[in-house]
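Every heavy atom of this structure was used, including side-chain atoms; hydrogens, water molecules and symmetry mates were not. Naming convention: chains lettered A, B, ... in sequence-line order (proteins, then strands); numbering from 1 in each chain.
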Amino acid sequence: AADKPKFKLAWSIYVGWMPWDYAAKEGIVKKWADKYGIDIEVVQINDYVESINQYTTGQFDACVMTNMDALTIPAAGGVDSTALIIGDFSNGNDGVVLKGKGKTLKDIKGQKVNLVELSVSHYLLARGLDSVGLKERDIKVVNTSDADMVAAFATADVTATVTWNPLLGEITAMPNTSQVFDSSKIPGEIIDLTVVNSDTLKKHPALGKALTGAWYETMQVMSGKDAAATKARTFMATASGTDLAGYDAQLATTKMFYTPAEAVAFALTPELLKTMDYVRTFSFEHGILGEGAKNADAVGMAFPGGKTLGDVKNVKLRFITDYMKLAADGKL
Amino acid sequence: MRRLINQRPNGVSAPLLGALPFILLLLVYIVASQARLAENPNDKLLPGLDSLVSAIQQVATEPDKRSGALILWRDTAASLVRLGTGVAISALAALLFGIATGALPYARATLSPFIAALALIPPLAILPVLFIVFGLGETSKIVLIVFGIAPFIMRDVAMRVGELPGEQIIKAQTLGANSWQLILRVITPQILPRLLDAVRLALGAAWLFLIAAEAIAAEDGLGYRIFLVRRYLAMDLILPYVAWITLLAFLTDWLLRVANAKLFPWYQGGARRS
Amino acid sequence: MRRLINQRPNGVSAPLLGALPFILLLLVYIVASQARLAENPNDKLLPGLDSLVSAIQQVATEPDKRSGALILWRDTAASLVRLGTGVAISALAALLFGIATGALPYARATLSPFIAALALIPPLAILPVLFIVFGLGETSKIVLIVFGIAPFIMRDVAMRVGELPGEQIIKAQTLGANSWQLILRVITPQILPRLLDAVRLALGAAWLFLIAAEAIAAEDGLGYRIFLVRRYLAMDLILPYVAWITLLAFLTDWLLRVANAKLFPWYQGGARRS
Amino acid sequence: MISVRKLWKEYDGQVVLENLNLEVGDHEFVTVVGASGCGKTTFLRMLLGEEQPTRGEFLIDGQPLPDEPGPDRGIVFQRYSVFPHLTVLQNVLLGLEFERAPLLGRLFGARRAEAVEKAEAMLQAVGLYEARHKFPSALSGGMQQRLSIAQSIVKQPKILLLDEPFGALDPGISADMHRLILRLWDEHKMTIFMITHDLKDTRLLVFDKTRLDMQAPEAYGATITYDIPLHVTTPALLRELNEAKTRTERFADVVAVGG
Amino acid sequence: MISVRKLWKEYDGQVVLENLNLEVGDHEFVTVVGASGCGKTTFLRMLLGEEQPTRGEFLIDGQPLPDEPGPDRGIVFQRYSVFPHLTVLQNVLLGLEFERAPLLGRLFGARRAEAVEKAEAMLQAVGLYEARHKFPSALSGGMQQRLSIAQSIVKQPKILLLDEPFGALDPGISADMHRLILRLWDEHKMTIFMITHDLKDTRLLVFDKTRLDMQAPEAYGATITYDIPLHVTTPALLRELNEAKTRTERFADVVAVGG
Ligand SMILES: Nc1ncnc2c1ncn2[C@@H]1O[C@H](COP(=O)(O)OP(=O)(O)OP(=O)(O)O)[C@@H](O)[C@H]1O
Ligand SMILES: Nc1ncnc2c1ncn2[C@@H]1O[C@H](COP(=O)(O)OP(=O)(O)OP(=O)(O)O)[C@@H](O)[C@H]1O
Ligand SMILES: [Mg+2]
Ligand SMILES: [Mg+2]
């Protein structure tokens, strides 16, 4: 057993990633790892950014993250990464909230907006501002830690915020607030991925197979209508600090790809390319593609079917369907 | 009428006076909480005393649904182990390096500028670096504590070594001590109680770093819990946790003070700093 | 051969020895950085010296694309203003309460248990409460600093008041001083340099709380920048920022020490603690 | 006029002074000697008002002693009795400023000039005029004690208390200082109580224990065993006193060992 | 046999001792007196090896002094010369343990018992046997000094240095201690240098400045001005010496003021 290859997956608390906790604690990950003769350690990390940093510096072989962070942190940091599993996209799980009844997004003009700077919230805001013809110049961004977002919104200083669930739910539950924009207006642009180091994956396809297998088994359990599904979701709910109702409410605004086929289909749409183009432009304009980046093309991306974006000699982020397809075809 | 500086409360009124600000604070809290709850019964910021009590009861006596553990005690144990390990390592390192730099001029010349520079680096700023070098397991949390308090204790110990009367060092040499014997029999035993004092001073910072570390990577611990539920503004859990941490901090300080008095009956310096 | 404890480096070798650990650290960094960069030229964890230099140059001399400001200087100014305000308020509060509790037995009986309890509460844990009470603007950052260091300085000041020789207090009374005059002319002037010493001791903690506050909500500041660029692991900016903060911490400490020596030429105690 | 009648002083059951009786007239110079720990300082602290007698009367001009120190009774301690943050002149001015500036504790303009004049005269008298702008840390031990004396006397106290004022000084300097004190006593007409180890020719009070119990050394206190008027001391008597003192002190050592 | 030839000691241009010449035979008892700051302690520190002469020779038995303290030269300071964390017995044992347990600095079993026996005999000699299990903080000042002496003598040093050993004690106790030292000196046959302010009948060295320059008080140092053999001191001479001392000290005061 000692010479079994060992791998580590990092995850942090978020509605779309809670299945990893369940899969690990219920032995699903171990079952699939054993099947492919490897060891997988699943590690929870409180601080989302820290987990990606750890992955980027090589402490982990796999990590959960959004499409934007996959581009700006590991890929821009030269770590060739592969989006192994497309788990879900945010469909209202991220939102812009203003204080006051009956507000619209246009009212945000001139306000200070509290959000986690350079995160998907920031991206969502930029897309929202675009949609009403405003520029980022028209508002003022205040970087605010997600852990304190709810408390921050309760203070008089804060009048506008962009955040995600469950914080979003807590904030919209406060009296006298309006949710003026959310990710359901830009469906499919904020995508939650399980990312694996490309070199590791190439060397050990078993890792990809085991992870994909474990993931979709968990999906099957939780998506059902039976008691086992309720039990699974209750488990995930408590782990993320809420209850079943709260967790189900979050799921309602998340487009989960419960079957591999859905995910494969999503990965093959041309919209994915368009989304990543928005994302890289946003990232470049905010200076987070890395210091060496002369333009948005600096970091190349590859998509299923041989399509690419940016510098083909520097492809660092790969969207693939290989493993999800195997799952869809029942070949795992 | 005596001058104010000469007027002393007696044995009965002194504790009463001391309790006054606490009682006032409690009253202010209750009034403010009731006002907010009257406006919005779901307000989470200042929960009523009953919610506080029930939240405590739940974490202290009801097994967690997910893990089956009693959360409060598991968190406390995890945090205390980390704190204890971190502080113990810091104290040991401080003893070694502090005595070396305090007693040996060559060690001082070599190490003390470096230790001084280390002590100035704000550990929170290099958190990411620490995590990357030491991984995300228990090690990094302990390292953050060590990094945060060890340079400070080291400098304190070195200073205390320097404060030992030069007469003692000379006297020991005229009694035939070599450097090693001098450190072993004259310096170290006299530094130990001062080390405990320095540790007491550093404990506040140690708690701080523990909480900061647990906020970033942990699966249990007092700081972890506070940050987890902070997202939901669950003040009914945060406030008792803060009070509990404060109580723990007080108890550890008190234990160290008592230990110092018992272990080193000849040592008087502690009183000055208590 | 003299005993090790009697061997002293001379005026030339001492600074060289002191530089040694710094040089070693630099070498280790360079080697490790080159090794990582050889493997992945885009590696962000240990950027080469050239990237560090160019990152510094960029933030120090080139206007930011978004705001048009020179980032480094704007961050520094914002942080120093916060730090300065927080520390000044803490010092003032410590002077008032420290002298009151140190000199007046009734004030001591009433306030010192409360201040002791305050000093034990880990400020990071009650951040949400601070936000709600003090808002999220500059105030809350300053309040976090004050909350973090003022109880500590207060206790220190009160202790120093207690350490003034009882003979002085008696003597002043035999010269006809009332309580107010005694505080004004005998206690306060002698406490001021000790207050500066206490502030110097507390500065490390003040930096820590500043960074923590800026990490949570800010639009500029050194801590803000570090935590912001952590999002894309820009160690080329983080490392120089950490070094810069360390240098600033050193400079403020040095300034306070010099100020103490210049303002209070009669005060010798500072040397002991330097 | 100071009257002490049947004075007892105990600390938590330890009798320090027992059944002390004493009358001291105005402008007397009283030297107090006695073994270490026999209660000399305690006696002075009661005179200051810092401590209260356990039993008995302590009267000044027929009135009970005030229960806190005041400007009518000056004190010079062995150490720490000048203010390190004030220059020599400021140290002497301080008492005048306390009196005349209740709110700020500081004088300005003409009123200050007047006080400075008085303070400088005092400094002349103790030979510190040249050093008036120095801080105490720049003074020798003897000069600091002279400053402390000047500081007290400028307030013209009715009673001046000195607790081993020259105990930390070299014997040569100590003798000089003793002459200074006698001169000032003569000029300023106050009552002086001075605790000392040097026996000089003034009225002399010797404190000693009259009863000893080796098993319970704390059960009995000291009282005045000799009260010798001015100019009566002979070398033989001094020797005898010194011997007596040494005996008690040796006993004190034994107690410390056995306890 | 100690020989000092043309010894000068300067600190950054301040001449502390100038042109000192001295021969001291084995088993002599030398008392050193002199005004405060005239360099007595500096002289002792050179004998210890803690300080090096600026110029001149300092020989013991024809050999240059070692450049650090060692067990052949014992020392008793005025304060801080016992170890507060060790009991009385442990304080005396310490020197024996250093010698016989190079690695641990601690003896066990039979070897310890033997050392304890020796240490206890020493404690008997200085009258501290009863107090042997106490910590120094529970001892009176005089007892602490006796302990420090016992601690040094148990090592049988060839030379014993005492720097105002009884300066902080009451005169009565001080006289007792003086007798003790003389007895131990007699029994243990060592050479003793004792700095003191009390003039007793031993060989006496007086340190003083022979040249003074009011403008540059630091330009000249002290040297030995009197070297008086045993039993020659008369009361008249003592008075003269004391007067001379006082004069210099008064000058030192003036310097402090003017400087
Ligand atoms: N505040 C106190 N509480 C308890 N005991 C005290 C207090 N002050 C003094 N004593 C005790 O009272 C006794 C007399 O002390 P005091 O200081 O008056 O002696 P003294 O004659 O001045 O001695 P010395 O010559 O050493 O100064 C001592 O045994 C001392 O321990
Ligand atoms: N390490 C030093 N550096 C500079 N000057 C020194 C040093 N040690 C002593 N001195 C100076 O040398 C002179 C002699 O000092 P020393 O301590 O030998 O005097 P002393 O005769 O022992 O006086 P006292 O009776 O006060 O103990 C003093 O002027 C002192 O300031
Ligand atoms: Mg006394
Ligand atoms: Mg000396």
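No more than 12 heavy atoms of other residues, nucleotides or ligands sit less than 6.0 Å from atom CZ of B:F97.
Between B:P21 and C:T110, the shortest heavy-atom distance links the atoms CG-O, 3.2 Å. The two residues C:F114 and B:F22 have their closest heavy-atom pair at CA-CZ, 3.6 Å. Summarising the geometry of C:L104 relative to B:L4, their closest heavy-atom pair is CD2-CB, 4.0 Å, with the distance given to 0.1 Å. The minimum heavy-atom distance linking C:I5 with B:S179 is given by the pair N-OG, 3.1 Å.
If you tally non-hydrogen atom pairs under 4.5 Å between each of B:F250, B:W207, B:W180 and chain C, the highest count goes to B:F250. Heavy-atom pairs under 4.5 Å with chain B were tallied for C:V242, C:L203, C:I183; the largest tally goes to C:V242. When the candidates C:L25, C:L20, C:L124 are compared by the number of heavy-atom contacts under 4.5 Å with chain B, C:L124 comes out ahead. Of the listed residues C:A249, C:A205, C:G18, the one with more heavy-atom pairs under 4.5 angstrom with chain B than any other is C:G18. In terms of heavy-atom pairs under 4.5 Å with chain B, the best-connected choice from C:P113, C:G162, C:A14 is C:P113.
Using a 4.5 Å heavy-atom threshold, the side chains of B:N6 and C:Q173 count as touching.
For a residue to count as touching a neighbouring chain, one of its non-hydrogen atoms must lie under 4.5 Å from one of that chain's; by this rule B:L248 does not touch chain C. In this structure, the portion of B:F209 lying under 4.5 Å from any heavy atom of chain C is its side chain and not its backbone. No part of B:L222 comes within reach of chain C, as not one of its non-hydrogen atoms sits under 4.5 angstrom from that chain. In this structure, the portion of B:A177 lying under 4.5 Å from any heavy atom of chain C is its backbone and not its side chain. When heavy atoms are compared at a cutoff of 4.5 Å, B:L16 does not approach chain C at all. There is no contact between B:L46 and chain C, counting heavy-atom distances below 4.5 Å. The contact between B:I121 and chain C is made by backbone and side chain atoms together, counting heavy-atom distances below 4.5 Å.
Between C:L239 atom CG and B:I126 atom CD1 the span is 9.5 Å, to the nearest 0.5 Å.
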